[in-house]
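Worksheet for the structure shown next.
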There are 2 protein chains.
Amino acid sequence: MTTIRGARARARIEVTAAIKDEARRQLAAEGAAKLSLRAVARELGMVSSALYRYFPSRDELLTALIVDAYDSIGAAAESALATGPTPTGPAAHAARWVDLCRAVRAWALAHPHEYALIYGSPVPGYTAPRDTVVPAARVGNALISVVRDAHRSGGLALPPLGEELRPEAHRLTATLAPDLPPAVVVALVAAWPQLFGLISFELFGQFNHVVEDRDAFFAHAAARLAHEIGLGAHTPGSPPAPAVLPGE
Amino acid sequence: MTTIRGARARARIEVTAAIKDEARRQLAAEGAAKLSLRAVARELGMVSSALYRYFPSRDELLTALIVDAYDSIGAAAESALATGPTPTGPAAHAARWVDLCRAVRAWALAHPHEYALIYGSPVPGYTAPRDTVVPAARVGNALISVVRDAHRSGGLALPPLGEELRPEAHRLTATLAPDLPPAVVVALVAAWPQLFGLISFELFGQFNHVVEDRDAFFAHAAARLAHEIGLGAHTPGSPPAPAVLPGE
DNA sequence: CATTTTCGAGAGCACTGCTCTTGCTTTGGA
DNA sequence: TCCAAAGCAAGAGCAGTGCTCTCGAAAATG
């Protein structure tokens with residue numbers, strides 16, 4: 001409703017935003033470890049103690065930045081799906097997957113320190129607060145939605161699934177995507193960290209002096225991940241996959 | 001030749017080792033961000049300025065710990081290969097791959113902060129010095145050696161390789177493993193960060209409230225990676241459970 | 001034995017996160 | 001309209017950090 005509650009309340013959100021902006025600037029410039037409350041306050045022309053009226057501690061400020069970063073990369077992922085063409089065949093679903101992966105990687109390359117903040121090692125006093133779990137799921141949900149669209153149009157092959165993983169597969173399916181086959185959900189949940197492994201290695205310097213043509217390499221790896229999930233399959237002779245519900 | 005050059009030289013290596021040990025203790029206890037030169041010196045009964053005779057800066061100390069961590073995880077990987085049975089068939093090569101992955105993951109779970117130091121976000125103003133590149137390659141070399149053994153015994157399928165990745169594939173092959181087919185090298189170099197993506201997500205809390213049976217999930221994902229490279233696919237240690245290969 | 005090098009100790013600088021107290025300003029109820 | 005309550009900025013201060021410099025003692029070297 002954003003009711004106008006007087007100058008004071010308005011000033012508060014403005015100052016809060018200014019603090020986050022300046023903090024994000026320092027984060028992008030120097031990294032999370034060098035982010036200093038005093039420096040932020042100094043840059044904003046206030047004294048450091050005044051900043052504690054807005055964020056009770058440095059960790060709380062970092063948490064706010066983490067939430068924003070999750071939202072930002074999540075929005076980038078969703079926008080990649082929204083702007084892409086409507087898939088018109090099995091191969092198009094795989095292409096959509098690759099496009100989504102590319103958008104996530106592009107965001108990471110454009111915001112390396114924010115990426116490190118959320119997908120790198122957890123910060124000092126790390127205990128992911130509840131606020132972060134919803135924004136953190138946005139990229140995962142985007143990945144799921146691509147696979148779900150493919151499944152609905154019947155262009156999805158079933159990955160193999162060992163017997164000993166069945167319980168976990170049903171658990172994952174129930175909590176993440178009850179409308180998808182468990183074997184697909186397992187492959188999807190496996191592809192998810194592998195995608196970020198590719199991005200992290202590139203971003204954190206592990207590819208230095210190893211992989212040169214990183215765009216092509218990433219596109220290839222993302223396409224292989226799509227294939228691993230069952231995307232892009234011609235599904236010869238298979239009718240639109242009957243939605244096997246995980247319920248027993 | 002570790003010639004005895006007097007009490008002073010001997011004391012120096014002893015003190016250096018003691019500093020690293022204590023620093024490693026604090027690293028394991030609190031993480032890299034909380035590692036304090038003064039605290040290390042305090043615990044060792046010396047004054048902080050004396051510590052600078054052994055390590056010119058905090059970053060240099062961290063670099064020493066990084067090198068040690070790379071050596072440690074590399075040794076764990078190599079030892080997993082050394083103690084395992086000699087592979088006697090295509091399936092055994094895949095099992096060796098999974099065992100290797102498991103050993104790397106086990107090391108990571110046992111040394112979370114050291115893992116974060118080398119595979120998490122790079123610390124503040126650090127640029128990986130030359131000293132780290134050789135130890136950093138040990139795990140990668142172990143992965144390569146498994147695939148090489150499989151290739152030599154003929155039990156290796158060729159992964160697909162797009163045309164646009166051919167130049168990069170040959171570059172990678174020339175620098176990493178000239179005796180392996182380029183398509184295999186590409187798949188291997190892709191599997192490498194994906195393996196660490198799986199470990200990092202588990203270790204950094206991304207699997208919380210998502211994946212429960214992590215041992216089984218990891219074993220499955222590692223086996224799929226093996227299959228992706230061309231190694232015979234089946235889960236290790238178990239009787240030849242006939243995995244359903246993806247119809248193609 | 002004399003000299004050079006090496007080392008530990010201490011003081012000190014500039015910085016950090018954070019707390020507490022002191023006044024000033026805005027706000028909302030009587 | 002007035003006044004107490006709440007919100008806020010500022011300053012001082014505490015305990016900690018990485019790092020530099022100087023000084024005196026000890027060891028290695030000639």
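Each chain gets a letter, A, B and so on, in the order its sequence line appears, and its residues count up from 1.
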Problem set entry | Whole angstrom value for the distance that separates P of dG18(D) from CD of E60(B) | 15 Å

For this session: Return no unless some side-chain N or O of R12(A) is found under 4.0 Å from OP1 or OP2 of dC8(D).
Result: yes

Exercise. Going through the distances and angles, do D179(A) and R148(A) end up as a side-chain contact (heavy atoms from CB on, under 4.5 Å)?
Worked result: CA-CA 8 Å; D179(A) 54 332; R148(A) 177 175 292 129; 2.5 Å; yes

For this session: Tell me what L35(B) touches on the nucleic acid: a base, only sugar-phosphate, or nothing, going by heavy atoms under 4.0 Å.
Result: sugar-phosphate

Exercise. Is H111(A) reaching over with its side chain to a backbone N or O of W107(A), donor-acceptor style, under 3.5 angstrom?
Worked result: yes

For this session: Specify the separation, in whole Å, of atom OH of Y52(A) and atom C1' of dC18(C).
Result: 5 Å

Exercise. OP1, OP2 of dA9(C) versus side-chain N and O of S49(B): anything below 4.0 Å?
Worked result: no

For this session: For L44(B), answer base if it contacts any base atom (sugar-phosphate contacts may also be present), sugar-phosphate if it contacts only those atoms, and nothing otherwise; contact means non-hydrogen atoms under 4.0 Å.
Result: nothing

Exercise. Do the side-chain N or O atoms of R53(B) get closer than 4.0 angstrom to the phosphate oxygens (OP1, OP2) of dT5(C)?
Worked result: no

Exercise. Which is it for R96(B) and D99(B) under the salt bridge (Lys or Arg N to Asp or Glu O under 4.0 Å) test, yes or no, and what are the steps along the way?
Worked result: CA-CA 5 Å; R96(B) 237 158 80 91; D99(B) 284 345; over 6 Å; no

Seminar exercise, completed: Residue pair P56(A)/A39(A) against DNA chain C: nearer the 5' end by closest nucleotide is A39(A)

Problem set entry | Rounded distance (Å) that lies between atom C1' of dC19(D) and atom CG of D59(B) | 12 Å

For this session: Check the pair F201(B) / V210(B) against side-chain contact (heavy atoms from CB on, under 4.5 Å), numbers first and verdict last.
Result: CA-CA 11 Å; F201(B) 261 41; V210(B) 180; over 6 Å; no

Problem set entry | Atom-to-atom span, CE of M46(A) to P of dG11(D) - whole angstrom | 14 Å

Seminar exercise, completed: To the nearest angstrom, the CG-P distance between L62(A) and dC18(C) comes to 10 Å

Exercise. Yes or no on salt bridge (Lys or Arg N to Asp or Glu O under 4.0 Å) for R171(B) and D213(A), after CA distance, side-chain angles and deciding distance?
Worked result: CA-CA 10 Å; R171(B) 212 175 304 139; D213(A) 189 351; 5.8 Å; no

For this session: Would you mind reading off the bend of the helix from dC1(C)-dG30(D) to dA30(C)-dT1(D) from its two end axes, five pairs each, to 10 degrees?
Result: 0°

Problem set entry | Residue whose closest nucleotide on DNA chain D lies nearer the 5' end, R38(A) versus L51(A) | L51(A)

For this session: Using only side-chain N and O atoms of Y54(A), determine if any of them is under 4.0 Å from OP1 or OP2 of dA9(D).
Result: yes

Problem set entry | Closest to side chain of S36(B), choosing from dC19(D), dT17(D), dC18(C) | dT17(D)

Exercise. Distance check: side-chain N/O of S48(A) vs OP1/OP2 of dC18(C), anything under 4.0 Å?
Worked result: no

Exercise. Which nucleotide in the list dC18(C), dC19(D), dT16(C) gets nearest to the side chain of L37(A)?
Worked result: dC18(C)

Exercise. Which atoms form the tightest heavy-atom contact between Y70(B) and Q206(A), and what is the distance?
Worked result: OH-NE2, 3.0 Å

Exercise. Base, sugar-phosphate alone, or nothing: which one does F55(B) contact when heavy atoms must sit under 4.0 Å apart?
Worked result: nothing

Exercise. Taking atom P of dG10(C) as reference, at what distance in whole Å does atom CZ of R42(B) sit?
Worked result: 14 Å

Exercise. What nucleotide among dG17(C), dG16(D), dA9(C) has an atom nearest to a side-chain atom of V47(B)?
Worked result: dA9(C)

Exercise. Hey, is the main chain of V40(B) close enough, under 3.5 Å, to the side chain of E22(B) for a donor-acceptor pair?
Worked result: no

Problem set entry | Atom-pair distance (CZ on R58(A); P on dG16(D)), nearest Å | 18 Å

Seminar exercise, completed: Among the nucleotides dT5(C), dG18(D), dG16(D), whichever has the atom closest to the side chain of R8(B) is dT5(C)

Exercise. Are the charged groups of E202(A) and R105(A) less than 4.0 angstrom apart, N to O?
Worked result: yes

Problem set entry | Interatomic distance, I19(B) CD1 vs dG18(D) P [rounded to whole Å] | 13 Å

